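If you read the sequence from its start, that first residue is 1, and numbering goes on from there. All values reported here derive from a predicted model rather than from experimental measurement.
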Amino acid sequence: MPRPGDGSPRPVTLIPGDGIGPLVTNAVEQVMEAMHAPVYFEKYQVHGDMKQIPQEVIDSIRKNKVCLKGGLRTPKGGEVSSLNLHLRRELDLYASLVDCCNLPGLPTRHENVDIVVIRENTEGEYKGLEHEVVPGVVESLKVITKFCSERIAKYAFEYAYLNNRKKVTAVHKANIMKLADGLFLESCREVAARYPTIKYNEIIVDNCCMQLVSKPEQFDVMITPNLYGNLVANTAAGIAGGTGVMPGGNVGAEHAVFEQGASAGNVGKKKMVEQKTANPLALLLSSAMMLRHLQFPAFANRLEEAVKNVILEGKYRTKDLGGDSTTQQVVDAVIAKIG
């Protein structure tokens with residue numbers, strides 16, 4: 001039963017980002033307006049070549065608790081660090097969740113794929129602790145802690161429990177990184193013992209990749225350290241239909257940032273931006289996750305159903321899904337399907 005005020009519009013911080021980001025975030029704005037969703041956006045311009053995210057943007061997310069963002073270009077090499085990582089660390093968004101499942105009407109090599117990849121988001125190889133020992137020799141540190149491993153394990157098992165998932169698989173390389181990945185596995189096992197109704201197993205990351213492309217239907221919820229999770233999520237997304245239709249988000253105890261699930265840093269090619277042919281479906285589905293997070297499940301269901309109906313009908317698809325539609329044509333088709 002709703003409480004008084006539950007229908008009040010909620011503010012959401014919006015970061016259009018770089019490349020195709022403004023195109024796909026504008027698609028979300030149009031759809032939200034068309035369905036009269038109880039959210040309004042506070043828009044900020046952030047770009048990947050900035051040295052850091054402006055404090056006013058961080059303050060806005062802290063206030064609103066929720067953010068929707070497009071991709072931010074990450075420079076390769078040089079002194080500029082990834083603003084995507086900066087945002088995750090600043091807000092302690094320790095869990096990345098990518099939902100990879102088959103969508104009716106979208107042909108794929110494998111059927112019955114329904115995988116949720118939950119990735120530790122704040123440490124591991126992404127800690128950014130690198131230095132040159134002597135000219136020509138660089139040392140990069142991988143950091144794994146009991147605290148972070150345990151809380152991501154708790155999140156994964158809690159997610160499985162609340163969503164009627166039957167199995168959690170921990171991905172690791174403890175046969176080589178015995179201390180680091182060994183600590184990660186130890187934490188997962190301790191948490192697994194508290195959930196006797198959920199099956200728990202472990203798989204080495206290289207075997208995991210092979211199993212994903214040969215028999216992906218065996219996986220349910222997957223829990224991974226930071227780097228492996230990036231690889232596993234993108235592989236699972238490709239198997240289930242492509243990164244253009246896979247939603248995702250980064251969550252912490254206080255805040256949540258929703259974005260394209262796999263290849264979230266992808267800002268598209270220049271030609272795609274000029275021709276306005278970016279696929280908006282992944283971010284639309286991510287915004288449905290956001291609506292559910294904000295406790296507006298009816299709006300989330302309407303949006304998801306509209307997107308799935310457009311995919312099933314197959315009339316309007318962008319190039320990555322085998323069609324030749326523009327971003328706006330797909331958006332218009334989704335709006336027409338909203339009940």
Side-chain angles (χ1 to χ4, degrees), residues 12 14-41 43 45 68-73 98-108 234 237-249 258-292 296 298-339:
V12 173
L14 178 65
I15 301 174
D18 297 314
I20 63 171
L23 259 180
V24 293
T25 53
N26 177 255
V28 173
E29 289 183 276
Q30 290 184 60
V31 172
M32 291 291 177
E33 184 177 349
M35 67 191 301
H36 304 291
V39 297
Y40 61 93
F41 294 107
K43 191 183 296 188
Q45 296 302 324
L68 184 72
K69 67 179 279 292
L72 292 173
R73 183 177 284 108
V98 182
D99 193 356
C100 304
C101 61
N102 290 129
L103 294 165
L106 196 61
T108 58
N234 278 273
I239 289 163
T243 58
V245 290
M246 300 302 150
F258 295 89
E259 58 190 352
Q260 179 175 310
S263 297
N266 178 27
V267 295
K269 295 178 181 176
K270 187 177 180 183
K271 186 178 179 182
M272 192 185 297
V273 178
E274 291 171 349
Q275 296 179 347
K276 298 184 178 179
T277 55
N279 188 345
L281 297 182
L283 199 65
L284 285 170
L285 290 170
S286 296
S287 65
M289 289 176 67
M290 179 190 76
L291 288 170
R292 197 164 278 115
F296 297 129
F299 286 91
N301 292 340
R302 287 170 60 200
L303 177 51
E304 284 179 348
E305 283 303 310
V307 169
K308 288 176 180 177
N309 284 335
V310 168
I311 293 172
L312 182 62
E313 192 176 74
K315 187 177 178 182
Y316 295 99
R317 290 183 179 175
T318 48
K319 188 176 180 180
D320 60 309
L321 300 182
D324 58 4
S325 301
T326 64
T327 305
Q328 191 58 51
Q329 286 174 325
V330 175
V331 171
D332 291 341
V334 171
I335 290 173
K337 294 288 184 185
I338 290 173

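- The structure places OG of Ser286 at 10.5 Å from NZ of Lys69, a figure rounded to the nearest 0.5 Å.
- Put simply, the side chain of Thr326 never gets that close to the backbone of Lys276: no donor and acceptor are under 3.5 Å apart.
- Here the straight-line distance linking atom CG of Leu285 with atom CG of Leu303 works out to 7.0 Å at 0.5 Å rounding.
- Within the 4.5 Å cutoff, the side chain of Asn234 has heavy atoms near those of the Thr243 side chain.
- Considering every non-hydrogen atom in both Met246 and Cys101, the closest pair reads CE-O, 3.7 Å.
- Side-chain atoms of Thr318 never come within 3.5 Å of backbone atoms of Thr277 as a donor-acceptor pair (strictly under, hydrogens ignored).
- Contact between Gln260 and Leu283 at its shortest, heavy atoms only, is N-CD1, 3.7 Å.
- With 3.5 Å as the limit, one finds no donor-acceptor pair spanning the side chains of Arg317 and Asn279.
- Closest heavy-atom contact between Asn301 and Arg292: OD1-NH2, 2.5 Å.
- In this structure, Gly19 and Pro22 approach most closely via the heavy-atom pair O-CD, 3.3 Å.
- Remark: Glu259 CD to Met289 CE distance equals 10.5 Å, nearest 0.5 Å.
- The shortest side-chain heavy-atom distance between Leu281 and Val334 falls under the 4.5 Å cut-off.
- Side-chain atoms of Asn309 and Glu305 include no donor-acceptor pair closer than 3.5 Å.
- From Ile20, atom CD1 reaches atom CG of Asn26 across 13.0 Å, with rounding to the nearest 0.5 Å.
- For Glu313, the side-chain hydrogen bond (donor to acceptor under 3.5 Å, both in side chains) criterion is met by Lys337, not counting sequence neighbours.
- Taken from CZ in Phe299 to CE in Met290, the straight-line distance is 12.0 Å, to the nearest 0.5 Å.
- Around the OH atom of Tyr316, the shell of radius 6.0 Å holds no more than 12 heavy atoms that belong to other residues, nucleotides or ligands.
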Kindly indicate, with the supporting measurements, whether the criterion side-chain contact (heavy atoms from CB on, under 4.5 Å) is fulfilled by Leu68 and Ile15.
CA-CA 6 Å; Leu68 184 72; Ile15 301 174; over 6 Å; no
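- Put simply, the side chain of Ile335 reaches to within 4.5 Å of the side chain of Val331, judged on heavy atoms.
- With Thr108 contributing its side chain and Gly241 its backbone, the two residues share no donor-acceptor pair below 3.5 Å.
- Here the closest non-hydrogen pair linking Ala288 and Ala300 is O-CB, 3.3 Å.
- Considering all non-hydrogen atoms of both residues, Ala237 and Cys100 come closest at N-SG, 3.6 Å.
- Expressed to the nearest 0.5 Å, how far NZ of Lys319 lies from CE of Met272 amounts to 8.0 Å.
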